[in-house]
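Reviewing the structure listed below.
This structure is a prediction, so every number in the text was calculated from the model and none was measured.
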Amino acid sequence: MITVFKLLSVWPLWLLHGVGTFLGWLVFVVSPAYRKRFLDNANQADLSWQQKLRAVAQSGKLVAELPRLWLGQAVPVVWEGAEHVEAALAKRQGLVFLTPHLGCFEIAAQAYAQRFGREGKPMTVLFRPPRQAWLRAVVMASRQRPGLQTAPTSLAGVKQMIKALKQGEAVGLLPDQVPPQGMGMMAPFFGREAYTMTLSVRLVQQTGATVLLAWGERLSRGRGYRVHVQPLAQQLPVTLLDAVTAVNQAMESLVLQCPQQYLWGYARYKQPRQA
């Protein structure tokens with residue numbers, strides 16, 4: 001499989017995305033469980049049929065582009081809102097990036113590492129290695145790059161992120177990812193209770209770091225990506241539940257900016273696994 005990944009890594013993005021469109025529809029058609037979860041989640045957010053159909057193809061593109069992003073040459077990236085990153089880093093109080101499963105969330109961290117991380121402000125991201133040995137080697141090679149560091153999904157990893165923030169560096173989280181049991185709380189997401197991580201809020205409360213919302217838009221015809229960055233609409237509330245709810249609302253606002261690129265097939269409302 002590593003050989004296949006290396007072969008695909010030299011393909012142009014437009015070709016990978018074309019293959020991904022086919023794969024997205026193939027899985028949608030042949031897997032009743034995936035199709036039901038996809039449609040249930042999309043209906044929960046009141047998407048139109050046109051948005052749902054476009055999202056099927058985008059989910060496939062998400063998978064097909066990974067060999068290029070992990071092993072291939074750098075892809076074209078443009079920024080929208082980079083001034084917010086510059087202003088936050090200038091404060092030297094730490095920076096928490098919140099990125100949902102929207103667009104290409106791999107490219108957001110890579111683009112930051114390329115533009116800001118090599119200047120002495122690396123980004124630290126939580127990372128749980130895949131169970132497959134061959135995939136673990138590929139992913140770890142991708143995540144360990146100049147300006148980008150990884151932290152394990154454990155207490156040691158949390159301490160590593162706190163230390164990075166106190167040094168004025170950045171950390172990246174997927175706040176719509178279901179955390180293990182005991183590391184989250186129930187909060188509404190598109191009107192339905194979802195087990196939501198509290199880590200992002202606790203990091204901000206303990207360090208006073210700046211919060212920025214970010215996501216990587218997948219441009220058409222394989223032209224690359226646009227990284228969007230914007231501040232929170234309001235300061236996080238003091239109460240933990242209110243703050244977690246505010247984070248979910250912020251994620252909803254990002255998703256609705258481009259709902260056709262959200263990963264609706266993700267089991268957002270599943271029961272958390274044991275820690």
Just by modelled atom types, is the [Y] backbone N or O under 3.5 Å from a matching donor or acceptor in the [X] side chain?
X: Arg68; Y: Trp11; value: yes
X: Asn248; Y: Pro188; value: yes
X: Tyr195; Y: Gly184; value: yes
X: Thr99; Y: Ala214; value: yes
X: Glu65; Y: Leu13; value: no
X: Asn41; Y: Tyr266; value: yes
X: Gln149; Y: Val125; value: no

Does [X] have more than 12 heavy atoms from other residues, nucleotides or ligands lying within 6.0 Å of its [atom1]?
X: Gln235; atom1: CD; result: no
X: Arg92; atom1: CZ; result: no
X: Lys52; atom1: NZ; result: yes
X: Glu83; atom1: CD; result: yes
X: Asp46; atom1: CG; result: no

I would like to know whether Arg54 and Ser59 meet side chain to side chain donor-acceptor pair (under 3.5 Å); could you show each step before the answer?
CA-CA 9 Å; Arg54 294 177 65 183; Ser59 296; over 6 Å; no
What is the ring orientation for Tyr112 with Phe97, classed by angle as parallel under 30°, tilted 30 to 60°, or perpendicular over 60°?
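Tyr112 vs Phe97 ring planes: perpendicular.
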Please work out which of the three classes, parallel, tilted or perpendicular, describes the rings of Tyr34 and Phe38, given edges at 30° and 60°.
tilted
Polar contact flag, side-chain donor to acceptor under 3.5 angstrom, His228-Glu217
yes
Answer yes or no: is there a side-chain heavy-atom contact under 4.5 Å between Gln50 and Gln260?
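No, too far: nothing below the 4.5 Å cut-off.
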Less than 4.5 Å apart, any side-chain heavy atom of Val178 and any of Arg268?
yes
Show, in sequence, the C-alpha distance, side-chain angles and deciding distance for Gln257 and Gln230, and conclude whether the side chain to side chain donor-acceptor pair (under 3.5 Å) test is met.
CA-CA 12 Å; Gln257 291 178 21; Gln230 62 189 70; 3.1 Å; yes
Residues Val171, Glu169; criterion side-chain contact (heavy atoms from CB on, under 4.5 Å); working and verdict
CA-CA 7 Å; Val171 302; Glu169 299 174 0; over 6 Å; no
Are Phe189 and Phe105 linked, directly or through other ILVMFWY residues, by side chains that come within less than 4.5 angstrom of each other?
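Hydrophobic grouping puts Phe189 apart from Phe105.
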Is the distance between the ring centroids of Phe116 and Trp79 less than 6.0 Å?
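Yes, the ring of Phe116 comes within the 6.0 Å limit of the ring of Trp79, centre to centre.
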